[in-house]
Amino acid sequence: MKLTFIYFDFPFWRAEVGRIALFMGGIDFENRLVKGDEFNRVQQTGHLDDGTSIPFHQLPCLIVDGVPIAQTAGIARFCGKLSGMYPKDDDLLAGRIDQFLDFATDITELVFLTGQGDDDLIKKAKRETLASDDLPRKLQMLEKCIGAESGWVVGPQLGLADLAIWRMMGWLSSGIVDGIPATLLSAFPKTAAVCRAVDAHPQIQDWVAKTYPDNYIRGNYG
Ligand SMILES: N[C@@H](CCC(=O)N[C@@H](CS)C(=O)NCC(=O)O)C(=O)O
């Protein structure tokens with residue numbers, strides 16, 4: 001099976017959850033990195049410059065033997081099944097993992113849509129309000145879900161949900177998101193502990209050393 005993973009040259013969770021699942025499973029894939037000008041054309045035409053079709057004009061996209069698959073969570077499930085990190089015959093476990101992938105999408109959209117289209121000052125003010133009400137309210141719900149069986153989000157070992165939460169929080173607690181403080185995770189010790197545990201995992205350290213720039217945007221996990 002020939003796999004080409006298409007995303008930008010930065011480790012945002014939408015791509016990392018699928019890319020790292022493939023890496024951890026020892027599955028070969030081409031890591032195709034798209035730059036801003038080519039992405040502008042993708043948004044307009046739905047194709048990469050080499051003609052590869054991108055169904056919803058968005059990234060990430062995974063090409064499987066020439067067939068494109070879009071949407072972060074669908075791609076993550078596909079990669080997770082190949083790597084053994086997502087069940088093929090356990091619907092309950094699958095559902096428990098899915099809820100966190102979709103939660104990460106909800107939080108990402110909540111942040112991106114807050115202040116979208118506003119000028120910078122208004123956007124920052126709206127994000128600050130978000131960071132003091134809706135965002136912590138949602139993150140408290142996540143916090144309550146973690147650690148019932150182990151320190152991981154779902155099940156006894158690092159899985160897709162941990163990867164999604166780790167890189168999403170890496171972004172949100174990095175201090176680069178306007179209006180969202182780098183102290184965000186200080187109120188959520190179990191979530192911060194998941195992020196530290198993912199960071200410390202040997203295969204993650206290997207992946208980070210191989211693919212992330214030295215100055216990549218790391219979160220503040222304590
Ligand atoms: N629902 C999609 C959203 C993907 C998405 O918004 N990707 C961003 C890049 S991180 C993008 O392509 N934005 C441009 C656009 O939506 O036109 C998913 O879950 O993958």
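These numbers come from a predicted model, not from an experiment. Each ligand, and each atom within it, is numbered from 1 in the order the structure gives.
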Would F112 count as a contact of ligand 1 if the rule is a heavy atom under 4.0 Å away?
no
Looking only at protein heavy atoms, which one is nearest to atom 18 (C) of ligand 1, and what is the separation?
Q71 OE1, 3.1 Å
Would you say R14 has any N or O atom under 3.5 Å from an N or O of ligand 1, going by distance alone?
yes
Classify the angle between the aromatic ring planes of F8 and F10 as parallel (below 30°), tilted (30 to 60°) or perpendicular (above 60°).
parallel
Logged contact type for W13 with ligand 1, heavy-atom cut-off 4.0 Å, is neither
Can you report which non-hydrogen protein atom sits closest to atom 6 (O) of ligand 1, along with the distance?
Q58 NE2, 3.6 Å
Please work out which of the three classes, parallel, tilted or perpendicular, describes the rings of Y212 and W207, given edges at 30° and 60°.
perpendicular
Heavy-atom distances under 4.0 Å are what count here, so tell me which part of Q43 touches ligand 1: side chain, backbone, both or neither.
side chain
Under 6.0 Å from the NZ atom of K88, do we count more than 12 heavy atoms belonging to anything else shown?
no
Quick one: CD1 on I217 to CD1 on I176, what's the gap to the nearest 0.5 Å?
3.5 Å
If you scan protein heavy atoms around atom 10 (S) of ligand 1, the nearest is Y7 OH, 3.0 Å
Going from CG on L33 to CG on L59, what distance comes out if it is rounded to the nearest 0.5 angstrom?
10.5 Å
Would you please indicate if the ring centroids of W171 and Y216 are separated by under 6.0 Å?
no
Using a strict 4.0 Å cut-off to heavy atoms of F8, name the atoms of ligand 1 that fall inside it.
9 (C)
What residue and atom, counting heavy atoms only, is the protein's closest point to atom 7 (N) of ligand 1, and at what distance?
L59 O, 2.7 Å
Which bit of F56 is near ligand 1, meaning a heavy atom under 4.0 Å away: side chain, backbone, both or neither?
neither
Report the nearest protein non-hydrogen atom to atom 13 (N) of ligand 1: residue, atom name, distance rounded to 0.1 Å.
F39 CZ, 4.0 Å
Qualifying residue for side-chain contact (heavy atoms from CB on, under 4.5 Å) with L3, from I63, L82, D65, D28:
L82
Any side-chain to backbone donor/acceptor pair from E38 onto D49? Under 3.5 Å, distance only.
yes
Note: ligand 1 atoms sitting under 4.0 Å from heavy atoms of T72 are 18 (C), 19 (O), 20 (O)
